[in-house]
Amino acid sequence: MTQKEPLMTFDDAAAMGLSRDEWDLILKRLDRTPNQCELGIFSAMWSEHCSYKSSKKWLKTLPVDGPQVIEGPGENAGAVDIGDGLAAIFKIESHNHPSFIEPYQGAATGVGGILRDVFTMGARPVALLNALRFGEASHEKTRHLLSGVVAGIGGYGNCIGIPTVGGEVNFDKSYNGNILVNAMAVGLANSDRIFRSAATGPGNPVIYVGAKTGRDGIHGATMASAEFSDETESKRPTVQVGDPFTGKLLMEACLELMASDSVLSIQDMGAAGLTSSSVEMASKGGLGMEIDLDLVPARENGMTAYELMLSESQERMLMVLKPDATDAARAIFDKWDLDFMPIGQVTETGRLVLLKDGGTACDIPLAPLVDDAPEYDRPQNPIPQRPRLTSGDVGSDRPVTHVLKSMLGHVDLASRRWVYEQYDSDVMADTIAGPGGDAAVVRVHGSQRGLAITTDCTPRYVEADPETGGAQAVAEAYRNICAIGARPLAITNNLNFGNPEKPDIMAQLAQSVVGMGKAAKHLDTPVISGNVSLYNETDGIAIRPCPVIGMVGVIDDVTMAVGSQFIAADQEIFILGQDDSQNDGWLGASLYAAHHGITAVHAPPPIDLVAEEQAGKLLIELIAAGIITAAHDISDGGLAVTIAEMTLHSSFGAHITPPAAGHLHGWAFGEEQARYVVTTGDGVALCEAAQNAGVAISKIGIVTAKTELQFGDNDTISIEALKNLSEGCLPALMAG
């Protein structure tokens, strides 16, 4: 072959993130030394970001099937049947490292990339969510990073016209040097019109569409598969630059072309750009591909084969069209003012052949890039047994409202309004419930059916006990969907961890997946898509483990969905999932313990999946029957925080009756799972239904017309005071 690029050495391979064993395997499979372009392709495809080499063993254990599943893991996004001939298409992905280096563009391109994953499947995106983790509020970079990331998410989502309807934002010192930016997108498609990525038909044209290729983002996938260090900031050239206006044009052009029945296969150029898209399309089809890189639309002169293949410039797609469809397809992309260029063809060779400058820049078999991608069973250290923290160990006798003021005025629990008001959550006019509640609700346009969507994870639980924490993330997402009256369907996950080569970190990753799998299987919410983001650490200090769950459910009639705010005075307040005998609470790994200076790691609250399922199913039935008027799951901060949140955005207060015995703070701030606070105008019917279903229930108070929250006879605080504390926290932080 004509050699236009320099031959590589092991030092070059190591610089690209490959190990000695991986280098030796490449030499064996090629039976020669690779050139720069070829080695770059191997390094990208065998990176942690693209190959999942540390997590594959464990990801294979997750439940991925069910009658509702149309498409599981392995495609651009997953798909589930929501009835009426429609499918929900969704996925979550990380853009952690780029967002730390360049927060606006890192977050913006994270949104753009996840939207492409969804509309590549033939779905029109209808909702965006996110899951964000920043360092402690006092850290010197937190304001800069928070401001840039939120602006980037809003900048892309608002401009492209997709509502950002939910998410979560948390702060912890472990993220000081490595923030987490996870973006989720949800779309709708006809269930019989879903597009896949496997190339078909030798001789069919391979088409490049979208924006031109530049030098931004080169080796982004490899950069995302390495730890940070003090030199991290110098990696700005590996951060992509997004253009939401081009993204909008590309989305509309692709959806129009898909409607014409011309597309055989299509793949987003995401991580590893033209490399991953060409390799994955050809390998999934069991075929080969030949591409002339001189035909690739480039916005910079003199780009090498290596640069063209490894660039992660945004708003680009690769597709295989029917042979007679090229002219009609070109007309569509000309109309939308986008590049449309046939750059190659599907072949029968099983090889990736790249032509450049009159010669062959790459000629390698596809099988080793995919089939021989390493799969490691990395060693794990045993998970320590954590002691239980009893209520008596904390030893506070302050009134409940005093503790509540402290907690609601802290960044851990304060209102996220400053964040989500920068997002357009109502564009497209189908948002029924936007940010700020348990789950978002988006109407299926032109119908009464709706999608319920949430993202969740509690890293402090995962750190204390990874298996319990992994299960809890699924269980809490499940509760959030149930709390508005929707039926949970399936999940997507984003596994954010430190360096898996360290046995402690690998144990966190593996055992959290075990817990996640058990919960997903029991709750019938299979995992249909996801992303793994490892090496999230800086100078050897790892993040708190954060396996985020994105969950989607369906509600047949959006007018029956309930919110988490009190809606009428004199309605009774109950805890669903707890009876009158439970007058203490689980404070281990709780926010209450953290706010009281408990630094030792204690056991998190246990997960009872049977109780989760029973309470969730009952709640869905009660909401559909009109018995429940408001519902809010009990999570961070426990019962008192949940009740306070139900008052903050309503016109009503509450009078709560604490138990006569037991530990007051444990009861008020314990974080036992499988519980909801609900209100009703028919307490008799509610209690009878709970008894018949075998679900514990206890009455704890009544909604009042007074704008105050009262615990017992003498412990009272105005709702206005709580609201000022909650709403003022983040604006004060951002104002310095």
Side-chain angles (χ1 to χ4, degrees), residues 166 431-443 448-450 452 454 478-488 553-580 614-635 638-657 674-693 695-711 719 722-723:
T431 303
I432 303 299
D438 282 325
V441 181
V442 176
R443 185 200 312 270
Q448 291 298 95
R449 187 177 298 268
T454 189
Y478 180 87
R479 290 198 301 272
N480 283 343
I481 299 294
C482 294
I484 59 97
R487 184 175 73 257
V554 64
I555 184 167
D556 294 330
D557 183 353
V558 293
T559 65
M560 296 302 294
V562 300
S564 58
Q565 292 81 41
F566 295 144
I567 66 167
D570 300 323
Q571 293 200 337
E572 296 173 288
I573 305 171
F574 289 83
I575 304 176
L576 190 66
Q578 176 175 315
D579 61 32
D580 292 329
Q614 288 177 332
K617 286 185 173 179
L618 174 61
L619 183 57
I620 295 169
E621 293 171 5
L622 291 168
I623 291 172
I627 295 172
I628 297 293
T629 56
H632 193 8
D633 83 301
I634 301 175
S635 55
L639 173 63
V641 168
T642 303
I643 295 167
E645 289 175 344
M646 297 179 80
T647 69
L648 290 181
H649 304 298
S650 75
S651 302
F652 304 96
H655 187 177
I656 305 300
T657 304
R675 300 182 300 159
Y676 307 81
V677 174
V678 300
T679 60
T680 182
D682 190 348
V684 173
L686 171 58
C687 291
E688 183 178 321
Q691 183 177 8
N692 291 338
V695 175
I697 192 166
S698 60
K699 181 179 175 180
I700 58 168
I702 192 165
V703 180
T704 70
K706 298 178 180 179
T707 54
E708 62 184 24
L709 178 55
Q710 182 175 349
F711 290 88
I719 304 303
L722 286 177
K723 188 171 183 178

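The side chain to side chain donor-acceptor pair (under 3.5 Å) test applied to Gln710 returns no partner, not counting sequence neighbours. Remark: Ala689 pairs with Leu618, Leu622 by the side-chain contact (heavy atoms from CB on, under 4.5 Å) rule, at least two apart or across chains. Judged as a salt bridge (charged side-chain N to carboxylate O under 4.0 Å, His left out), and not counting sequence neighbours, the contacts of Arg449 are Asp84, Asp556. Glu572 pairs by the side chain to side chain donor-acceptor pair (under 3.5 Å) definition with Lys699, not counting sequence neighbours. Here Lys617 pairs with Glu613 under the side chain to side chain donor-acceptor pair (under 3.5 Å) rule; sequence neighbours left out.
Remark: the backbone N or O of Gln578 is paired with a side-chain donor or acceptor of Ser698 at under 3.5 angstrom.
Thr629 is not listed as a side-chain neighbour of Val562, based on a closest heavy-atom distance of 4.5 Å or more. Side-chain atoms of Pro488 and Ile620, non-hydrogen and from C-beta on, do get closer than 4.5 Å to each other. Side-chain contact between Thr679 and Ile567: absent, with no pair of heavy atoms (C-beta onward) separated by less than 4.5 Å. In this structure, Ile555 and Ile623 have side chains that are not in contact, with every pair of non-hydrogen atoms separated by 4.5 Å or more.
Here the CG-NE2 distance, from Leu639 to His632, works out to 11.0 Å after rounding to the nearest 0.5 Å. Residue Lys706 holds its NZ atom at 8.5 Å from NE2 of His655, rounded to the nearest 0.5 Å. Leu709 contributes atom CG, which lies 15.0 Å from atom CZ of Phe652 (distance to the nearest 0.5 angstrom). Thr647 contributes atom OG1, which lies 3.5 Å from atom CD1 of Ile719 (distance to the nearest 0.5 angstrom). The distance from the CG atom of Leu648 to the NZ atom of Lys723 is 7.5 Å, given to the nearest 0.5 Å. Summarising the geometry, atom CZ belonging to Phe566 is positioned 12.5 Å from atom NE2 belonging to His649; distances are rounded to the nearest 0.5 Å.
Closest approach of Ser564 and Asp438 over heavy atoms only: CB-OD2, 4.3 Å. Shortest non-hydrogen contact noted between Arg479 and Asp633 is NE-OD2, 3.4 Å. In plain terms, the two heavy atoms of Ala644 and Leu722 that are nearest each other are CB-CD1, 4.3 Å. Across Ile643 and Ala654, no two heavy atoms sit closer than the pair CG2-CB, 4.4 Å. The shortest heavy-atom contact between Gln565 and Ala630 is O-CB, 3.3 Å. The two residues Tyr676 and Ala615 have their closest heavy-atom pair at CE1-CB, 3.9 Å.
Residue pairs that meet the side chain to side chain donor-acceptor pair (under 3.5 Å) test with at least one member in residues 680-693, sequence neighbours left out, do not exist here.
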